[in-house]
Amino acid sequence: PGPSVPFDPEVPPAPPSPPAFSKIFSPAAIAPGGESTLTFTIANSSSSAVTALAFTDTLPAGVTVAGVPGVQTTCTGGTVTVAAGSSAISYSGGEVGGSASCTIGVRATSAAAGSHVNTTGDLTSSAGSSGTASATLNVSSVTTTFAVATATGTGQATGSIAGGGPACAVTTAEALD
């Protein structure tokens, strides 16, 4: 090993590195009007706690916070600001311990078909800026139709339902009037 370096009380320890910042929609694909949980993860690889965590996320056009936002966090302290039906999510004043991670979760929804790419503003903290985080919510354009193909004198009908998967045959035992 190299020479040991004596402790110098005049030299402050190196500041912690900014934590890693990521996000994910789960599930990543929903039907129109469905819901997905948007989870932000803050991972601190430094041995010291990082404080003053803050970020803002403006959801893309067509995506909003669900009617019941279902806010959850494992971060220490801080305030999650969100309103049902809005397109803004913010977090401020939180802390993540040394060599730890924490999450913030909010339910989101969309009736607009397509791929909705969502990028946050920078995560800032006592350790500096961590940059942005991105995730994509895919909303299918599934429509479901039902058509009766035949009706028999026995009171049964057969038909098909077409939509998000293969067509299927349906038989009903209900009397057809």
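- Atoms CD1 and OG1, from Ile89 and Thr120 in turn, are 10.5 Å apart once rounded to the nearest 0.5 Å.
- Annotation: side chain of Pro32 is in contact with side chain of Ser140 (closest heavy-atom distance under 4.5 Å).
- Here the side chain of Thr73 pairs a donor or acceptor atom with the backbone of Cys75 at under 3.5 angstrom.
- Residues Ala83 and Val65 share a closest heavy-atom pair of O-CB, 3.5 Å.
- Here the OG atom belonging to Ser26 is positioned 9.0 Å from the CZ atom belonging to Arg107, to the nearest 0.5 angstrom.
- For the pair Leu38/Val63, no side-chain contact is recorded, criterion being any heavy-atom separation below 4.5 Å from C-beta on.
- Thr74 places a side-chain heavy atom less than 4.5 Å from the side chain of Cys102.
- Ring-plane geometry between Phe21 and Phe55 is classed as tilted, the angle between the planes lying from 30 to 60 degrees on a 0 to 90 degree scale.
- Within the structure, ring pair (Phe, Tyr, Trp, His ring centres under 6.0 Å) contacts touching residues 78-116 (residues at least two apart or in different chains) do not occur.
- Taken together through direct or relayed side-chain contacts under 4.5 Å among Ile, Leu, Val, Met, Phe, Trp and Tyr, Val71 and Ile24 form parts of separate hydrophobic clusters.
- Here CG of Asp122 is found 3.5 Å from OG of Ser129. Values are rounded to the nearest 0.5 Å.
- Closest non-hydrogen pair, Ser141 versus Ala113, comes out as CB-CB, 3.8 Å.
- Grouped with Val68 in a hydrophobic cluster is no other residue, since no side-chain heavy-atom contact under 4.5 Å to another Ile, Leu, Val, Met, Phe, Trp or Tyr is found.
- In terms of modelled atom types and a separation under 3.5 Å, the side chain of Ser130 and the main chain of Pro19 share a donor-acceptor contact.
- The two residues Ser17 and Val50 come nearest to each other via the heavy atoms O-CG2, 4.4 Å.
- Here the CG atom belonging to Leu53 is positioned 10.0 Å from the OG atom belonging to Ser92, to the nearest 0.5 angstrom.
- Rounding to the nearest 0.5 Å gives a distance of 7.5 Å between CG of Asn118 and OG of Ser134.
- Of all heavy-atom pairs spanning Ala52 and Ser126, the tightest one is CB-N, 4.2 Å.
- Under the 4.5 Å side-chain criterion, counting only non-hydrogen atoms from C-beta, Lys23 is in contact with Asp57.
- Of all non-hydrogen atoms in Pro27 and Leu137, the two that sit nearest each other are O-CD1, 4.0 Å.
- Of all heavy-atom pairs spanning Thr136 and Ser115, the tightest one is CG2-CB, 4.1 Å.
- Using a 4.5 Å heavy-atom cutoff, the side chains of Phe40 and Leu123 are not in contact.
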